[in-house]
Amino acid sequence: MLRITFMRPTGKLLLSNWECNECHFLYRDVKPYETNEPMELSLLVSTDEDLSSIVYRSAFATLTIPELGVEVQPGSAYQGTVTTVRGLLEIIIDNVGSLCKKKNCEKN
């Protein structure tokens, strides 16, 4: 069981999707349409269906997963994303792997 918590100041979102007619490159973008006071949102993930829940992590959101000892701070180049809980976990795994390669982490 995981509890994923976001601290976010975003209200409504502007979702954009473009496709190049020549090369069919897809460009997707998520931007805040309005900004609200920061609030904490938590999702308890306890079933496989919960992994398919759609979530938005804004460019300013801190993401914490206490059960995994994970806290992800927003970075200056981060744009925000709409994904599933499974997608967030895959992003975290990919980034931890690249960080470990840079720092020569040892597997426990």
> Tell me every residue that passes side chain to side chain donor-acceptor pair (under 3.5 Å) with Glu90, counting only those two or more places apart in sequence or in another chain.
none
> Is atom CG of Leu26 surrounded by more than 12 heavy atoms (other residues, nucleotides or ligands) closer than 6.0 Å?
yes
> In Å and rounded to the nearest 0.5 Å, what is the CD to OG1 distance from Gln73 to Thr62?
4.0 Å
> Do the side chains of Ile92 and Val70 get nearer than 4.5 Å, heavy atoms only?
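A side-chain contact exists here, since the closest heavy-atom pair is under 4.5 Å.
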> Could you report the tightest heavy-atom contact between Pro74 and Ala61, atom names first, then the distance?
CD-O, 3.5 Å
> Using the side chain to side chain donor-acceptor pair (under 3.5 Å) criterion, which residues pair with Glu22? Sequence neighbours excluded.
none
> Does the side-chain contact (heavy atoms from CB on, under 4.5 Å) test come out yes or no for Val82 and Arg57, once each step is laid out?
CA-CA 7 Å; Val82 174; Arg57 180 174 172 231; over 6 Å; no
> Between atom CD1 of Ile65 and atom OG of Ser42, what is the distance when rounded to the nearest 0.5 Å?
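Going from CD1 on Ile65 over to OG on Ser42, the span is 11.0 Å.
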> Under the ring-ring contact (aromatic ring centres under 6.0 Å, His included) rule, collect the residues that match up with Tyr27, sequence neighbours excluded.
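Here the qualifying residues are Trp18.
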> Under the rule for side chain to side chain donor-acceptor pair (under 3.5 Å), what residues qualify as partners of Thr47, not counting sequence neighbours?
Glu49, Asp50
> Could you see if Leu41 belongs to whatever hydrophobic cluster contains Ile91? Use Ile, Leu, Val, Met, Phe, Trp, Tyr and a side-chain cutoff under 4.5 Å.
no
> Quick one: side-chain contact (heavy atoms from CB on, under 4.5 Å) partners of Thr83, sequence neighbours excluded?
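For Thr83, the residues satisfying side-chain contact (heavy atoms from CB on, under 4.5 Å) (neighbours in sequence not counted) are Val55, Thr81, Leu88.
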> More than 12 non-hydrogen atoms from neighbouring residues, nucleotides or ligands closer than 6.0 Å to CG on Asp48, yes or no?
no
> Would you name the heavy atoms of Ser52 and Arg86 that are closest together and state the gap between them?
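Heavy-atom minimum between the residues: OG-NH1, 3.7 Å.
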